[in-house]
Amino acid sequence: MLKIRIFQTKELTKSTAEAKYGMRLGHFDMNLFVVLDALLDLKSVTKASERLCIGASATSSALGRLREHFKDDLLVQIGRRMELTPLAESLREPVRDILLRSQSTLTSKAAFEPATAQRHFVFNASDYSATVFLAPLLQRLSRVAPGISLDIIELGNNNLAKLERGEVDIAIYPERNASPNYPAETLFEEDYVCVAWEKSRHTGPRISFNDYVAAKHISVRMGEQRIPSFEEWFLSAHGIKRQIVATSSTFNAQPMMILGTEYIATMHRRLAQIYARLLPLRLLTPEFETPGLCLVMQWNHFNNSDAGHRWLREQLKTIQPV
């Protein structure tokens with residue numbers, strides 16, 4: 001994850017930046033790249049200041065210096081919002097590339113000692129992946145690499161953008177969502193089962209297509225745009241819209257939501273098996289085809305040479321999901 005922190009003072013001036021960091025290329029203060037990246041991404045002095053943990057006046061001062069250097073306004077006021085100039089748009093990718101390369105260079109080491117390493121890794125993954133896959137990883141890390149900590153950010157609407165910007169170290173999601181522009185490796189495969197309250201009329205162990213269509217469902221919709229996790233496939237495959245009575249933003253909420261009802265939920269098999277051991281639930285195998293699910297991990301290619309990152313990826317490839 002990109003963790004460059006350049007500015008520590010409340011006010012950023014040419015003299016203080018040069019005196020403290022001495023990072024200059026020709027007549028350009030390299031520290032300004034951090035501010036420029038935030039401004040290009042957020043299009044707001046206030047939001048950029050909050051991300052960088054510096055005062056708005058310091059960010060405004062840096063923007064002034066950037067405008068002077070590039071002989072361009074970079075951000076212009078249009079109505080109530082700020083927009084990037086054409087030059088600023090052209091700078092987004094190369095500036096981010098510079099910062100990612102810098103971070104990769106700073107963290108690169110010839111060797112990685114997991115037993116003594118102090119590292120923090122950020123994952124972008126669903127609560128399903130966190131439960132069945134990252135939980136076993138954390139158990140292993142507690143034994144072999146106790147100094148490593150994890151931060152798991154839920155999947156949303158801008159997963160690839162987070163990966164591109166270096167905001168996450170490793171993303172875990174379905175293979176169909178992976179970008180062809182970044183490295184990816186398969187982790188494991190999964191299928192679906194239906195889950196019902198054991199005292200409901202759904203006695204199992206199987207459920208027919210007609211009973212499935214007639215049932216009322218608990219579903220999952222992810223992110224701010226409420227992207228459906230299963231409906232899209234089911235509708236395209238069978239031309240039938242399911243009867244959804246309630247939705248959740250997490251897979252782990254589904255089992256609790258069907259208790260005491262006649263509703264059913266379509267869940268990943270491994271997650272359903274975990275909850276069937278804990279709650280009065282019954283697993284029903286669909287008598288019709290359901291999609292297979294291949295989970296992959298993906299990372300920014302700037303992390304290829306990071307020994308710690310490589311070690312963690314190797315650990316992930318050997319983890320057996322619960």
Side-chain angles (χ1 to χ4, degrees), residues 1 114 121-145 148-156 159-160 162-163 168-195 219-220 222-223 227-234 237 248-255 265-278 281 283-286 288-301 303-304 306 308-322:
M1 177 185 179
F121 293 95
V122 179
F123 282 83
N124 194 195
S126 69
D127 64 308
Y128 156 72
S129 294
T131 302
V132 306
F133 191 71
L134 294 181
L137 170 67
L138 195 59
Q139 293 169 9
R140 178 180 296 183
L141 294 179
S142 70
R143 298 190 300 270
V144 302
I148 291 181
S149 60
L150 306 182
D151 184 13
I152 304 170
I153 301 174
E154 66 179 354
L155 295 176
N159 302 319
L160 290 179
K162 291 184 177 69
L163 191 70
V168 299
D169 293 295
I170 295 176
I172 299 177
Y173 36 48
E175 184 180 37
R176 62 179 178 270
N177 299 130
S179 168
N181 300 323
Y182 294 95
E185 289 196 47
T186 298
L187 292 175
F188 64 98
E189 295 184 351
E190 181 65 286
D191 63 348
Y192 291 92
V193 296
C194 296
V195 182
S219 185
V220 173
M222 306 183 71
I227 300 172
S229 62
F230 193 80
E231 280 75 26
E232 184 177 350
W233 174 87
F234 189 79
S248 167
S249 60
T250 65
F251 295 104
N252 280 290
Q254 287 180 288
T266 306
M267 296 181 60
H268 307 90
R269 182 180 295 275
R270 288 182 175 89
L271 188 61
Q273 289 172 337
I274 290 174
Y275 279 101
R277 295 193 292 266
L278 302 173
L281 300 173
L283 304 190
L284 313 173
T285 301
F288 54 92
E289 180 186 2
T290 59
L293 183 66
C294 178
L295 275 295
V296 303
M297 65 172 166
Q298 191 158 44
W299 62 96
N300 195 301
H301 56 268
N303 287 316
N304 281 336
D306 185 322
H309 203 282
R310 289 199 307 269
W311 180 86
L312 185 62
R313 297 198 303 268
E314 289 302 316
Q315 298 303 303
L316 285 165
K317 289 160 58 177
T318 61
I319 290 291
Q320 293 298 315
V322 296

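Residues: numbered from 1 along the sequence shown.
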Output yes when a side-chain donor or acceptor of R140 lies under 3.5 Å from a complementary backbone atom of P136, and no otherwise.
-> no
So, E185 and R313, do they make that salt bridge, N to O below 4.0 Å?
-> no
Are the side chain of E189 and the backbone of G292 linked by a donor-acceptor contact shorter than 3.5 Å?
-> no
Do you know which two heavy atoms are closest between V296 and A178, and how far apart they sit?
-> CG2-CB, 4.1 Å
Heavy-atom nearest pair, L283 first then A272, reads CD2-CB, 3.8 Å
Is it the case that Y275 and Q254 place a side-chain donor and acceptor less than 3.5 Å from each other?
-> no
Looking at side-chain heavy atoms only, is the closest gap between F230 and P291 below 4.5 Å?
-> yes
Gap between atom CE of M297 and atom CZ of F133 - 0.5 Å precision = 7.5 Å
Sub-4.5 Å side-chain heavy-atom contact between Q273 and V193 | no
Which value, rounded to the nearest 0.5 Å, describes the distance between L137 atom CG and Q320 atom CD?
-> 13.0 Å
Is a side-chain N or O of N124 found less than 3.5 angstrom from the main chain of E154, in a donor-acceptor match?
-> yes
Could you check F121 against I170 for side chain to side chain contact (heavy atoms under 4.5 Å, CB included), going step by step and ending with a plain yes or no?
-> CA-CA 8 Å; F121 293 95; I170 295 176; 5.9 Å; no
With side chains defined as the heavy atoms from C-beta onward, is the minimum distance between P255 and V195 less than 4.5 Å?
-> no
Pairwise distance CG(D306) to CG(N300) - rounded to 0.5 angstrom | 11.5 Å
Relative to each other, are the rings of H301 and Y182 parallel, tilted or perpendicular (30° and 60° limits)?
-> parallel
When rounded to the nearest 0.5 angstrom, what distance separates CH2 in W233 from OG1 in T266?
-> 9.5 Å
Donor-acceptor pair, side chain of E190 and main chain of R270, under 3.5 angstrom | yes
S129/L295 under side chain to side chain contact (heavy atoms under 4.5 Å, CB included): CA gap, chis, key distance, verdict = CA-CA 9 Å; S129 294; L295 275 295; 4.0 Å; yes
Pick out which of V122, L312, D151 makes a side chain to side chain contact (heavy atoms under 4.5 Å, CB included) with D169.
-> V122
Evaluate the side-chain proximity of N304 to P183: yes if any heavy-atom separation is below 4.5 Å, no if none is.
-> yes
Non-hydrogen side-chain atoms of W311 and V144 separated by less than 4.5 Å | yes
Aromatic plane relationship, F251 with H268 - under 30° parallel, 30 to 60° tilted, over 60° perpendicular | perpendicular
Here the gap from N159 atom CG to Y173 atom OH, rounded to the nearest 0.5 Å, amounts to 7.0 Å
Close side-chain approach of L150 and L141, heavy atoms under 4.5 Å = yes
Taken to the nearest 0.5 Å, the spacing of K317 NZ from I319 CD1 works out to 13.0 Å
If you take all heavy atoms of M222 and S126, which pair is closest and at what distance?
-> CE-CB, 4.1 Å
